[in-house]
Novice: 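Below are the structure tokens for one structure; questions will follow.
Values below: all heavy atoms of this structure, side chains included; hydrogens, waters and symmetry mates excluded. Here is the naming used below: chain letters follow the sequence lines, and residue numbers restart at 1 for every chain.
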2 protein chains.
Amino acid sequence: MTTTTDNILKRNQLSVTDSRKKILELFTANDGALAHSDIEKKTGEKFDRVTIYRTLQTFVEKGIIHTIPTVDNSVLYALCKMDCTEGHHHDNHVHFVCDNCNVTYCLDDVVTPKVNLPDGFKPKVMDVVVSGICKNC
Amino acid sequence: MTTTTDNILKRNQLSVTDSRKKILELFTANDGALAHSDIEKKTGEKFDRVTIYRTLQTFVEKGIIHTIPTVDNSVLYALCKMDCTEGHHHDNHVHFVCDNCNVTYCLDDVVTPKVNLPDGFKPKVMDVVVSGICKNC
DNA sequence: TAGTTTTTGCAACTGGGTTGCAACACCTAT
DNA sequence: ATAGGTGTTGCAACCCAGTTGCAAAAACTA
Ligand SMILES: [Mn+2]
Ligand SMILES: [Mn+2]
Ligand SMILES: [Zn+2]
Ligand SMILES: [Zn+2]
């Protein structure tokens, strides 16, 4: 029997291992973003810290997940929903952090607005993080 | 003789010390944002790392400088130009990071644009970081 | 100038993240 | 199904940013 996560791994030329399956499952089961520490807790001592770091790194490189900039200088990861490929991410969407439940959401459908920059500044990439109260709070 | 930096320190009920004067001077002399490491380099072994950390922390608390979220998860600091006070910052402006010279600017005059969020999401604060090529490059 | 308060420097510690390497698991071809 | 080669894991050791407690030193106050 071949599961969804197995397929995602194979599609990306990654060998199917316990850690990769479990970590990928966490992302597909969860609609918010996850920090390294979340994963460490949810896998419960099953895998070495280093393995988790390396797995996340691999997933980012393959375009399976992307990192999210945070205000408090921690790193968050979330599933790429667009057609991201190795080395090229299409994840320029708005992120929302809930002040109450502290969950971070990818708002893939929200278009990032245009801003008028002063003369001489040429924009390329725009990161928008909105914080407030989420739909579940 | 009383300098500008001395006045800023006194106005904020801070005792005037060498480290505070020197670090504050760096901010007033520089129009881009500074990282802890920048300050460490520019002061040249003159002050302990811990002193620099504590000074920056104090300045942030007093509303003299503010922190800037970065993509690569480092912390940047820049002078508050608005009327920020102890505990309350008015620094919701757009930040610009130059891909070429790597300087980060506070674009105090650029209004942060409105975005349309999905139903149920109530926005409070919005952080916008634009990257591209700056006016000096 | 002396006494009080605040700040500094040092040393020790924490926590996130990385690296090298040997043991192990996964994939492929027979 | 099995053996061999390749990729992945776990461990130990390390690095670096940032924090903490405390005694010495500097700044303020009277
Ligand atoms: Mn996202
Ligand atoms: Mn700013
Ligand atoms: Zn919430
Ligand atoms: Zn530039």
Novice: Does C:dC26 have its OP1 or OP2 closer than 4.0 Å to a side-chain nitrogen or oxygen of A:T17?
Specialist: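 No, because none of the side-chain N or O atoms of A:T17 sits under 4.0 Å from OP1 or OP2 of C:dC26.
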Novice: Once you round it to whole Å, what is the distance between C1' of D:dA27 and CG of B:L9?
Specialist: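 Checked: the CG to C1' distance equals 12 Å.
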Novice: In whole angstroms, how far is the C1' atom of C:dG16 from the CG atom of A:L76?
Specialist: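 Result: 14 Å.
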Novice: From NE2 of A:H36 over to P of C:dG17, roughly how many Å is that when rounded to an integer?
Specialist: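 Distance, rounded to whole Å: 7 Å.
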Novice: For B:N12 and D:dC28, give me the distance from atom CG to atom C1', rounded to whole Å.
Specialist: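 Distance check: B:N12 CG to D:dC28 C1' gives 17 Å.
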Novice: So do B:T4 and B:T28 actually touch side chain to side chain, heavy atoms under 4.5 Å?
Specialist: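 B:T28 does not reach B:T4 side chain to side chain.
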Novice: Ignoring hydrogens and angles, are the base of D:dG10 and the side chain of A:R49 linked by a donor-acceptor pair under 3.5 Å?
Specialist: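 Checked by distance alone, the answer is no.
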Novice: Under 6.0 Å between the ring centres of A:Y105 and B:F121?
Specialist: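 Yes.
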Novice: Does the side chain of B:S15 get closer than 4.0 angstrom to OP1 or OP2 of C:dT7 through an N or O atom?
Specialist: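 Answer yes for this pair, as a side-chain N or O of B:S15 is under 4.0 Å from OP1 or OP2.
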Novice: What does B:S19 touch in the nucleic acid at a heavy-atom separation under 4.0 angstrom: a base, only the sugar-phosphate, or nothing?
Specialist: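 Sugar-phosphate, backbone atoms only, no base.
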Novice: Nearest to the A:Y53 side chain among C:dG16, C:dT6, C:dC10, which nucleotide is it?
Specialist: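 Between C:dG16, C:dT6, C:dC10, the one nearest the side chain of A:Y53 would be C:dG16.
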Novice: So, A:H66 versus A:Y77, ring centres under 6.0 angstrom or not?
Specialist: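 Ring-ring flag for A:H66/A:Y77: false, centres at least 6.0 Å apart.
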Novice: Out of B:V115, B:N116, B:T112, B:V128, which residue meets the side-chain contact (heavy atoms from CB on, under 4.5 Å) rule with A:P113?
Specialist: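 Looking at B:V115, B:N116, B:T112, B:V128, the match for A:P113 under the side-chain contact (heavy atoms from CB on, under 4.5 Å) is B:V115.
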Novice: Rounding to an integer number of Å, can you tell me how far B:L56 CG sits from C:dT8 P?
Specialist: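 The answer, rounded to whole Å, is 11 Å.
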Novice: Whole angstroms only, please: what is the NZ-C1' distance between B:K10 and D:dT29?
Specialist: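 Atom NZ in B:K10 sits about 14 Å away from atom C1' in D:dT29.
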Novice: Output the rounded distance in Å from CD (B:Q13) to P (C:dT5).
Specialist: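 From B:Q13 CD to C:dT5 P: 18 Å.
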Novice: Could you pick out which residue, B:V16 or B:V75, lies toward the 5' side of DNA chain D when each is mapped onto its nearest nucleotide?
Specialist: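 The residue whose closest nucleotide sits nearer the 5' end is B:V75.
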Novice: Between B:V50 and B:L14, which has a closest nucleotide on DNA chain C that is more 5'?
Specialist: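 This one resolves to B:L14.
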Novice: From CZ of B:R20 over to P of C:dG9, roughly how many Å is that when rounded to an integer?
Specialist: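 To the nearest whole Å, that distance equals 12 Å.
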Novice: Just by distance, with hydrogens left out, do B:S15 and B:T17 show a side-chain donor and acceptor under 3.5 Å apart?
Specialist: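 No - no donor-acceptor pair under 3.5 Å links their side chains.
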Novice: When you get a sec, tell me which of C:dG17, D:dG10, D:dT20 is the closest nucleotide to the side chain of A:D48?
Specialist: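 Side chain of A:D48 sits closest to D:dG10.
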Novice: Could one point to a donor on the side chain of B:R54 or the base of C:dG9 with an acceptor on the other under 3.5 Å away?
Specialist: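 Yes, the side chain and the base share a sub-3.5 Å donor-acceptor pair.
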